[in-house]
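Scroll down for the structure; my scribbles are underneath it.
Residue numbers count from 1 along this sequence.
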Amino acid sequence: MSGVLSCSATDLAVLLGPNATAAADYICGQLGTMNNKFTDVAFAVDNTYLLFSAYLVFSMQLGFAMLCAGSVRAKNTMNIMLTNVLDAAAGGLFYYLFGYAFAYGSPSNGFIGKQNFGLKDFPTATNDYSFFLYQWSFAIAAAGITSGSIAERTQFIAYLIYSSFLTDLCIRSPFRTDGDLLFSTGAIDFAGSGVVHMVGGIAGLWGALIEGPRLGRFDNGGRAIALRGHSASLVVLGTFLLWFGWYGFNPGSFNKILVTYESGSMNGQWSAVGRTAVTTTLAGCTAALTTLFGKRLLSGHWNVTDVCNGLLGGFAAITGGCSVVEPWAAIICGFIAALVLIGCNKLAEKLKYDDPLEAAQLHGGCGAWGLIFTALFAKEKYLNQIYGVKPGRPHGLFMGGGGKLLGAQLIQIAVITGWVSATMGTLFFILKKMKLLRISAEDETAGMDMTRHGGFAYMYFDDDECHKAIQLRKVQPRSPSPSGVTTPPV
């Protein structure tokens with residue numbers, strides 16, 4: 001809150017007559033107390049806003065869990081649910097010990113932080129515990145993205161290792177947005193199209209590439225065979241939970257809400273928060289509808305799971321520039337994000353790349369498009385409001401701002417791709433060489449719920465009925481079908 005009450009006892013004494021000095025001191029003391037109260041209220045409101053946003057982003061873990069569970073086959077449900085729980089649990093501990101310090105520890109050499117390991121010397125003058133919690137909720141989101149790419153075939157120990165490693169490396173912003181770095185503009189990635197979605201998507205890309213496709217995903221001739229998830233209901237539930245959480249993910253990235261842009265007007269950060277929620281909504285809605293009709297033309301079906309993925313692709317794309325673009329531009333973002341996702345899925349199928357949740361295509365591909373979109377449509381007024389006034393600030397190419405921001409964004413894409421490939425690609429390669437990455441073919445065929453977690457997620461029979469059914473199948477003779485082919489008993 002920028003308004004500050006000021007008082008000069010000397011100035012007041014001239015106006016107050018007898019005993020002026022004492023009266024002026026008293027009045028200024030009361031105004032000073034009021035000013036401190038206003039400051040305290042501003043801190044309380046901003047911290048409450050940030051904590052509420054952190055709770056919303058954390059609720060996305062439930063969305064990831066439901067989405068992942070519905071997108072895999074029933075025999076792997078317990079496994080994928082457990083990995084989502086451990087993304088949060090292991091990520092919380094390791095982010096506390098190392099991740100926060102690497103990302104925000106001060107002083108920093110511009111690449112990695114050097115202090116605040118285990119939140120030592122915390123809180124600081126600029127960051128409180130609410131800030132730590134919010135950034136942790138972001139970091140574990142990247143790990144949740146990756147788990148979908150390598151689902152149904154990955155050893156449990158590999159999940160623990162990569163989740164802890166990735167959470168520590170989920171740096172919130174690879175470039176400053178001030179100074180003369182990168183064409184005097186810096187890179188713009190407001191809520192994480194790059195540093196969350198691209199990081200998670202590219203990590204998943206390397207994991208899935210090094211592991212290889214699931215058994216049965218492609219036939220001997222190389223044709224793709226759909227291994228559909230077992231529950232569209234869970235996919236839809238997870239999608240709506242993620243949609244809800246995205247209102248903490250994007251608008252919450254302001255960190256504060258009581259910031260005035262123009263004193264005495266409606267034009268404050270509270271308005272920018274509302275605009276960000278609107279651009280987020282429009283991008284997701286447009287992407288969902290574009291995917292609906294696009295997949296209808298390609299496949300002849302109205303597919304709800306495709307629409308859900310398209311919706312999420314629109315959200316991933318708008319995340320980077322949600323605060324600095326107009327609502328009409330968000331519609332363009334969502335439309336092209338859907339096309340990017342459809343195109344990436346077609347390419348993945350041709351290259352025999354298997355990603356059960358389309359996570360690399362959705363978060364990696366649409367996240368990269370989101371960074372480019374920001375470079376094309378970022379508005380100078382909004383950039384100055386959020387990142388500080390800077391005369392002649394480079395902004396969106398299509399908004400008359402030149403190509404400097406586009407250059408910075410392309411460099412950001414290259415750096416994120418290179419950094420994640422060098423770190424996570426190497427990690428997955430080492431895990432494979434140590435035989436810690438992929439499960440055996442027998443376990444994959446039977447399903448990890450039974451072979452690794454002690455039972456299925458769903459109880460189809462009670463124990464007595466199950467035992468009787470198994471014994472019946474053993475003793476009952478096979479019966480010929482009408483076509484003469486012997487079939488097993490039902």
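Residues H395 and Y382 bring no donor and acceptor atom of their side chains to less than 3.5 Å of each other. Using modelled atom types and a 3.5 Å distance limit, the side chains of D87 and S163 yield a donor-acceptor pair. Remark: the Y100 side chain and the Q135 side chain contain no N/O donor-acceptor pair separated by less than 3.5 Å. In the model, Y55 has no side-chain atom that pairs as donor or acceptor with a side-chain atom of S137 under 3.5 Å. Checked by atom type, the side-chain pair N79/R452 shows no donor-acceptor distance below 3.5 Å. Using modelled atom types and a 3.5 Å distance limit, the side chains of T154 and E211 yield a donor-acceptor pair. Y353 and D355 share a side-chain donor-acceptor pair at under 3.5 Å. W243 and T281 are not linked by any side-chain donor-acceptor pair at a separation below 3.5 angstrom, with hydrogens and angles left out of the test. Between the side chains of N127 and Y134, not a single donor N or O lies within less than 3.5 Å of an accepting N or O.
Ring geometry, F428 versus Y162: the interplanar angle falls from 30° to 60°, so the pair is classed tilted.
The two residues A158 and L431 have their closest heavy-atom pair at CB-CD1, 4.1 Å. In terms of heavy-atom proximity, F138 sits nearest to A191 at CE2-O, 3.1 Å. V196 and A141 make their closest contact through CG1-CB, 4.3 Å (heavy atoms, listed as atom of the first residue, atom of the second, distance). Summarising the geometry of I145 relative to G200, their closest heavy-atom pair is CG2-C, 3.6 Å, with the distance given to 0.1 Å. For the pair G186 and L405, the tightest heavy-atom approach, listed with the atom from each and the gap, is O-CD1, 3.8 Å. Contact record, R438 with P213: NH2-O, 2.8 Å, taken as the closest heavy-atom pair.
Aromatic pair F315/F249: ring centres not closer than 6.0 Å. A ring-centre distance under 6.0 Å is found for Y95 and F132. For an aromatic pair to be called close, the ring centres must be under 6.0 Å apart, and F117 with F102 satisfies this. Ring-centre distance between W369 and H363: not below the 6.0 Å cut-off.
Distance check, rounded to the nearest 0.5 Å: NE2 of H197 to SG of C366 gives 10.0 Å. Between L406 atom CG and L410 atom CG the span is 4.5 Å, to the nearest 0.5 Å. L397 contributes atom CG, which lies 13.0 Å from atom OG1 of T374 (distance to the nearest 0.5 angstrom). Of the inter-residue distances, the one linking Q361 atom CD with N345 atom CG reads 4.5 Å to the nearest 0.5 angstrom. Atom CG of L241 sits about 11.5 Å away from atom CG of L56, to the nearest 0.5 Å. One distance of note links CG of N84 with CE of M60; it measures 12.0 Å at 0.5 Å rounding.
Inter-residue side-chain proximity for T239 and F244 is flagged as unmet; no heavy-atom pair is nearer than 4.5 Å. Two residues are said to be in side-chain contact when any heavy atoms from C-beta on lie closer than 4.5 Å; Q155 and L437 fail this criterion. Side-chain contact between W246 and T319: present, with at least one pair of heavy atoms (C-beta onward) separated by less than 4.5 Å. A 4.5 Å side-chain heavy-atom check between I413 and I372 finds at least one atom pair inside the cut-off. In this structure, the side chains of K379 and V324 stay at 4.5 Å or more apart for every pair of heavy atoms. Residues T305 and S71 have side chains not in contact (no heavy-atom distance under 4.5 Å, counting atoms from C-beta outward). Looking only at side-chain heavy atoms (C-beta outward), R214 and R73 come within less than 4.5 Å of each other. The closest side-chain heavy-atom distance from I416 to Q412 is below 4.5 Å.
Side chain of T279 to backbone of C322: a donor-acceptor contact under 3.5 angstrom is found. In this structure, the side chain of D449 does not engage the main chain of G454 through any donor-acceptor pair within 3.5 Å. Judged by distance alone, with hydrogens and angles left aside, the side-chain atoms of D189 form a donor-acceptor pair with the main-chain N or O of G194 at under 3.5 Å. With S147 contributing its side chain and G144 its backbone, the two residues share a donor-acceptor pair below 3.5 Å. With S130 contributing its side chain and L51 its backbone, the two residues share no donor-acceptor pair below 3.5 Å. Of the possible polar contacts, none joining the T77 side chain to the A69 backbone as a donor-acceptor pair under 3.5 Å is found.
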Discussion item. Run I318 and V325 through side-chain contact (heavy atoms from CB on, under 4.5 Å) and show every step you take.
Written reply: CA-CA 9 Å; I318 194 62; V325 300; 4.2 Å; yes
Discussion item. Let's go through Y387 and R393 carefully: what are the C-alpha distance in whole Å and the side-chain angles of both, what is the deciding distance for side-chain contact (heavy atoms from CB on, under 4.5 Å) to 0.1 Å, and is it a yes or a no?
Written reply: CA-CA 10 Å; Y387 296 107; R393 176 189 289 277; 3.9 Å; yes
Item to complete: Test side-chain contact (heavy atoms from CB on, under 4.5 Å) on F398 and I332 and set out the steps.
Response: CA-CA 12 Å; F398 294 163; I332 299 173; over 6 Å; no
Discussion item. Applying side-chain contact (heavy atoms from CB on, under 4.5 Å) to I140 and F58, what does each step give before you reach the verdict?
Written reply: CA-CA 9 Å; I140 60 175; F58 179 72; 4.0 Å; yes
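Other residues, nucleotides and ligands contribute at most 12 non-hydrogen atoms within 6.0 Å of the CH2 atom of W206. Counting non-hydrogen atoms of other residues, nucleotides and ligands closer than 6.0 Å to CZ of F52 gives a total of 12 or fewer. Surrounding CZ of F131 are more than 12 heavy atoms belonging to other residues, nucleotides or ligands, all under 6.0 Å away. For F377, the CZ atom is densely surrounded, since the number of other residues' heavy atoms within 6.0 Å is greater than 12.
Comment: K75 does not engage E152 in a salt bridge, judged by the lack of any side-chain N to carboxylate O separation of less than 4.0 angstrom.
Screening L362, L357, T291 for a side chain to side chain contact (heavy atoms under 4.5 Å, CB included) with L312, the sole residue that qualifies is L362.
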